[in-house]
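Presented below is the structure to which this report refers.
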Amino acid sequence: MSMVLFASVVRVGDGLPLSASTDYEQDKELQETKRHLKGLSKKLSQFPDRCTLKSGPYNVNFTSSLGVGYLMVCTENYPNVLAFCFLDELQKEFIVTYDTKRISSAIRPYSFIEFDTFIQKAKQRYNTPRSLSTKINLADMQTEIKLRPPYQLSPEDLQAINGFSVHTTSRYKDIVFCHISAGSTSAPMQMLEPVTLPGIVSCVLSILCGGLNLLRGVHAIESILQNDDEDFNYVIAFFLGTAACLYQCYLFSYFSVWRNSKSFLAFALICLSNMYLYELRNMWQILFHVAVGAFMTLQIRLRQPLGKAPDYNV
């Protein structure tokens with residue numbers, strides 16, 4: 001018999017369980033599957049916002065949005081569309097019932113255990129699918145799953161979560177997952193928003209500034225070779241300016257952890273190198289390099305990673 005067996009709500013950031021359905025199922029395979037679910041709940045931020053894991057005769061399905069994850073265990077023959085409709089309904093009710101501030105400030109596990117009342121009612125309805133035909137729009141969810149199918153977690157993914165060293169790279173839509181050695185944390189490599197015209201202009205100007213710094217640095221080396229009294233620190237300043245400009249272009253093009261902070265540090269390096277080179281550059285040249293660095297920093301901040309699609313709009 002196909003049915004929903006268990007469901008829980010967790011906070012994505014740290015895996016803190018917020019609520020769960022109460023059950024007294026003693027089946028060993030189900031208990032093992034729930035242990036897998038508990039492990040997954042602590043690593044939701046490393047996976048796409050819609051996933052499925054096959055665990056013996058059961059499936060674990062989960063979605064996440066707005067910092068909250070919704071997980072459920074069902075029999076392997078339970079329809080996928082109903083499983084994600086069930087999670088979507090939990091999500092809609094939870095975000096309406098509890099505000100974000102209260103969720104983020106929760107400290108104790110199962111702070112919202114009263115939500116189990118709604119979970120149990122939803123389980124009862126979704127375990128009798130005939131009564132759902134007039135209450136949910138299965139066609140919309142079917143289309144959504146067809147266009148954006150859930151990512152199928154592999155045994156390697158599960159081993160990485162359970163503490164084994166696994167080296168694999170898998171792509172799901174716009175997200176790349178890098179599972180490395182046990183105990184390490186790796187953020188999902190996400191695609192960034194589409195490039196805008198100001199972003200292209202800032203990149204071209206930044207490359208131009210990097211090229212100018214590189215050219216002046218090479219000339220400074222030639223000058224040192226000809227005159228022993230030249231200051232080698234000028235060469236370092238020019239090359240650091242080149243590196244900072246090119247690194248900003250990299251940050252603009254690719255996702256990186258602490259991306260905004262890194263761009264500010266690169267901008268600070270551009271400012272410091274130009275301050276040191278004030279004897280070799282006039283004020284307008286210094287202002288140009290600093291302005292381009294500031295413009296590039298702004299574009300990096302404006303070009304954010306593509307966010308997770310909020311399933312409650314389905």
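Below, all heavy atoms of this structure are taken into account, side chains as well, without hydrogens, waters or symmetry copies.
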Kindly say whether [Y] contributes a backbone atom to a donor-acceptor pair with the side chain of [X] at under 3.5 angstrom?
| X | Y | answer |
| --- | --- | --- |
| S206 | C245 | yes |
| S273 | L269 | yes |
| K262 | V257 | yes |
| R11 | A106 | yes |
| S41 | K38 | yes |
| R303 | G199 | no |
| K123 | F6 | no |
| D116 | I119 | no |
| N127 | M3 | no |

Taking a hydrophobic cluster as the set of Ile, Leu, Val, Met, Phe, Trp and Tyr residues connected by side-chain heavy atoms closer than 4.5 Å, whether directly or through intermediates, do [X] and [Y] fall within one such cluster?
| X | Y | value |
| --- | --- | --- |
| M283 | V292 | no |
| L298 | L205 | no |
| Y110 | F112 | no |
| F94 | I113 | no |
| L90 | Y98 | yes |

Side chains of [X] and [Y]: does their closest heavy-atom pair fall under 4.5 Å?
| X | Y | value |
| --- | --- | --- |
| D88 | T63 | no |
| S263 | R301 | no |
| L53 | F62 | no |
| R148 | D49 | yes |

Atom pair [atom1]/[atom2] of [X] and [Y] - distance to nearest 0.5 Å:
| X | Y | atom1 | atom2 | result |
| --- | --- | --- | --- | --- |
| I95 | S65 | CD1 | OG | 7.0 Å |
| N59 | E76 | CG | CD | 6.5 Å |
| M296 | L251 | CE | CG | 8.0 Å |
| C209 | L214 | SG | CG | 12.5 Å |
| L40 | C51 | CG | SG | 8.5 Å |
| Y78 | M72 | OH | CE | 6.0 Å |

Q.
Using the ring centroid of each side chain, check whether Y151 and F47 are separated by less than 6.0 Å.
A. no
**Prompt:** So, F264 versus F267, ring centres under 6.0 angstrom or not?
**Reply:** no
Closest heavy-atom contact between [X] and [Y]?
| X | Y | value |
| --- | --- | --- |
| G69 | V12 | N-CG2, 3.6 Å |
| I286 | Y278 | CD1-CA, 3.7 Å |
| T297 | G293 | OG1-O, 2.8 Å |
| S111 | E114 | O-OE1, 3.8 Å |

| Under the side chain to side chain contact (heavy atoms under 4.5 Å, CB included) criterion, do N213 and R216 qualify, and how do the steps go? | CA-CA 5 Å; N213 284 324; R216 292 293 302 273; 5.8 Å; no
Side chain to side chain contact (heavy atoms under 4.5 Å, CB included) assessment of F84 paired with N61: CA-CA 7 Å; F84 286 101; N61 302 290; 3.8 Å; yes
May I have the step-by-step check of side chain to side chain contact (heavy atoms under 4.5 Å, CB included) for V73 and L30, ending in yes or no? CA-CA 8 Å; V73 178; L30 179 57; 3.6 Å; yes
Which label fits Y250 and Y247: parallel for a plane angle under 30°, tilted from 30 to 60°, or perpendicular past 60°? parallel
Report the C-alpha separation of L66 and T100 in whole Å, then their side-chain angles, then the decisive distance to 0.1 Å, and conclude whether the side chain to side chain contact (heavy atoms under 4.5 Å, CB included) test is met.
CA-CA 8 Å; L66 301 176; T100 306; 5.8 Å; no
Sequence neighbours excluded, the answer for side chain to side chain contact (heavy atoms under 4.5 Å, CB included) partners of L277 is Y234, A237, F238, L280, R281
